[in-house]
Amino acid sequence: MSATLNAEAIDRYRFPAADCSRIPYGMYRDPDIYALEQERIFRGPIWNFLALEDEIPNPGDFRLVEVGDTPVIVDRARDGSLHAMVNRCSHRGSIVQRATHGNAKTHVCCYHQWSFDLTGNLVGVPFQKGVKGVGGLPADFDKSCHALRKLRVESLNGAIFGTFSDDTPPLREYLGPVFTHQVERLFNRKLRILGYQRQRIFGNWKLYTDNLRDPNHGGLLHMFQITFGIARLNATGGAKLDADGKHNLSWAAQGGRAGNAEDPGKDYGDTGRGDMNIKLRDPSLLRYHKEFPDDLTLAVTSLFANAALQQIGNTLAVRQIRTRSADEFEIVSTFFGYEDDDEAMQRHRLRKANLAGPAGLVSMEDGEAVELVHRAIVRDGQDHSVVEFGGRGPVRDQENLISDVPMRGFWMYYCKLMGIPTGETAS
Amino acid sequence: MSTITPELYVRVQSFFEEYGRLLDEDRLETWVELFTEDARYEIVSRENHEQGLPLSLMLCDSRDMLHDRIYSLREANIYNIHTDCHVIGTARILHENGVLSAVAPYSLFQSTQEGETRLFSVGRYHLTFAETGGRLSISRLRVVTDTGAILTLLATPI
Ligand code: FES
Ligand SMILES: [Fe+2]
């Protein structure tokens, strides 16, 4: 895409430090920045997570998703191939497929009944030749020029990704070895879809991608595990990044290293939020049945820009971020287990889902935190947040959780795609 | 099919009145006592309910688990500071094979400290009662919410 109306919006804000240890607040509130993101991030050279193959196992199966704020149909054609196309009629712009999911032979627009095959090609136009030679479209109207706008699609172990850009490198290359492994780790065999959760948050979507890349808040904002003496921030954990720093894996492992052994509350700087060691009446919720070859009990993989893969113990899900405006986004989570789960394992996963999502015992706080920030940064777009836990300078893997370095990795890549110049040094 | 006496009708409707009032008055610990020890309480979106998908938004399959959730809300969780207002419609009561159950529609409004109100959730209660010592309690409550897209977050029970 060429010049954009709002491209000058990026000149309004200054990133004083090249390592993105300062983020101007205006980046979260400016509607022009938001519009530019749709073009340069979501429709830029990135792979967006779309859906899971096991959600559309049969020919004709489809689901509606969103890439940024663009409505997209993901479906499986007769020959089993996967397709994604913008859900906007090439006639006059109506939503074509209205059902959120289902099975269809063609996608038919209700407005004037144009129909599109499962690859997005226009196949039917009622009254194209008019009635008895009167009316209709011009004789030179060429249906092949009026397909739905198509995305390029790649699937990795059943996780379907789509891109608008011809410049996006192949999916595995885009993910890099660490994150290719994370996708393969989670999607290692046929899934059973357990259900969906949706959450509307009234804040900027990047406050959520920041939150996903800030392991430091885990043991400070989310106090469930600490209150009940199950985990500590100073436990074994860390963060992994890809070469660009754009993706992040926040992980914690079984076992755990103690922080201040005599007085665990001390590390909390007298905030009154140290270990309380109160016992749950029903601790079965916290049991972990080891099911991966590694020791990770928590693995939240954030893929630039719209996805997070979640393993919290045995509760597994993939979250898709759908932007609505600079001030609102939705998280759509697809929870799953594996087809070969027995009844007990499925029940365990379903109970354990209490930990995650909008009502999650260890996650509900994120919705509140995002909105608190969004509300407070309404003015002073040139002021900025401070991102220095884990140090300044180049981003690299973190060996502990007291870090927000992965956040800087996101922003450095984001600035690159947005064409935002960043400062020379950390201020 | 047992008949629903006027007395039973009033008992069930008053039960729902008490249910909503305890939540609205933030008497969550007392609300938990409306449930039997082995009760199941879950909030499930209409989306999952209609597709037969088992995932809930909140699931407690014992009163202990409900206690834990309320305790966690009190001591550990941070969520939007708000007041709830439940408006519970007239229940449809079924009394079959000795099992008393009811379905009632609800609207749940949330208000901020500054007095700004939003419609937070609408849906239906599907409730199965147990009767012990002349007192009704909940043995199973499935809240099917039409508002599957949760606004901000879901902390206090519906
Ligand atoms: S807008 Fe779709 S057929 Fe006219
Ligand atoms: Fe969080």
Side-chain angles (χ1 to χ4, degrees), chain A residues 100-101 192-203 220-228 273 276 278-286 315 317 328 330-337 346-347 349-354 356-372, chain B residues 29 32 37-82 112 114 116 118-121 143 145-158:
Chain A
T100 56
H101 65 278
R192 181 180 300 152
I193 305 299
L194 298 177
Y196 300 92
Q197 289 187 352
R198 295 169 187 261
Q199 182 174 15
R200 287 284 176 90
I201 298 179
F202 300 91
L220 293 164
L221 175 71
H222 306 301
M223 290 299 287
F224 175 79
Q225 308 211 40
I226 303 214
T227 302
F228 293 101
R273 305 209 86 194
M276 289 162 71
I278 288 156
K279 294 276 168 288
L280 284 172
R281 290 197 192 193
D282 184 355
S284 65
L285 180 63
L286 300 154
T315 182
E328 188 184 344
E330 183 177 24
I331 306 165
V332 181
S333 301
T334 308
F335 282 69
F336 58 87
Q346 174 156 327
R347 197 177 332 117
R349 290 195 204 283
L350 291 169
R351 293 178 92 237
K352 207 138 177 132
N354 273 300
L361 291 164
V362 298
S363 65
M364 69 172 78
E365 289 85 4
D366 291 326
E368 171 71 353
V370 165
E371 292 190 5
L372 288 176
Chain B
E29 291 77 5
V32 170
E37 214 171 305
D38 58 353
R40 181 184 171 94
Y41 170 77
E42 66 180 324
I43 304 174
V44 54
S45 68
R46 176 186 265 288
E47 177 179 28
N48 289 347
H49 176 75
E50 285 186 344
Q51 290 178 64
L53 295 168
L55 182 77
S56 358
L57 285 150
M58 196 186 282
L59 167 64
C60 296
D61 58 13
S62 68
R63 192 165 64 201
D64 279 348
M65 236 176 131
L66 272 171
H67 269 292
D68 287 340
R69 204 171 241 281
I70 299 308
Y71 191 80
S72 177
L73 284 183
R74 297 289 193 218
E75 297 297 332
N77 295 123
I78 291 176
Y79 51 92
N80 51 328
I81 302 171
H82 68 272
T112 65
E114 294 88 2
E116 195 184 331
R118 65 178 174 182
L119 179 53
F120 179 70
S121 178
V143 183
T145 175
D146 295 349
T147 317
I150 299 299
L151 302 178
T152 308
L153 59 89
L154 173 61
T156 44
I158 296 179

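Naming convention: chains lettered A, B, ... in sequence-line order (proteins, then strands); numbering from 1 in each chain. Below, all heavy atoms of this structure are taken into account, side chains as well, without hydrogens, waters or symmetry copies.
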Measure from the side-chain N and O atoms of [X] to the backbone N and O of [Y], and report whether any donor-acceptor pair falls under 3.5 Å.
| X | Y | result |
| --- | --- | --- |
| B:N48 | A:G195 | no |
| A:S363 | A:G357 | yes |
| B:S72 | B:A76 | no |

Are [X] and [Y] packed together at the side-chain level, in the sense that at least one heavy-atom pair is separated by less than 4.5 angstrom?
| X | Y | value |
| --- | --- | --- |
| B:P157 | B:Y41 | yes |
| B:L59 | A:R351 | yes |
| B:R69 | B:Y71 | no |

Part of [X] within contact of chain B (heavy atom distance under 4.5 Å):
| X | answer |
| --- | --- |
| A:L285 | side chain |
| A:E365 | both |
| A:E330 | side chain |

Checklist entry - Are B:R63 and A:D282 close enough for a salt bridge, meaning some N to O gap below 4.0 Å? => result no
Checklist entry - Any idea which of B:N80, B:D68, B:D61, B:V44 has the most non-hydrogen atom pairs under 4.5 angstrom with chain A? => result B:D68
Checklist outcome for this item: With chain A, the option among B:E42, B:E47, B:M58 that has the most non-hydrogen atom pairs under 4.5 Å is B:E47
For chain B, which of [options] has the most heavy-atom pairs under 4.5 Å?
| options | result |
| --- | --- |
| A:L350, A:I201, A:V370, A:T100 | A:L350 |
| A:L361, A:V332, A:I331 | A:L361 |
| A:Q346, A:R192, A:R349, A:H101 | A:H101 |

Next on the checklist: Need one label for B:S62: side chain, backbone, both or neither, based on atoms under 4.5 Å from any heavy atom in chain A.
Outcome noted: side chain
Checklist entry - What part of B:I43 is in contact with chain A, defined as an atom under 4.5 angstrom from a non-hydrogen atom: side chain, backbone, both or neither? => result neither
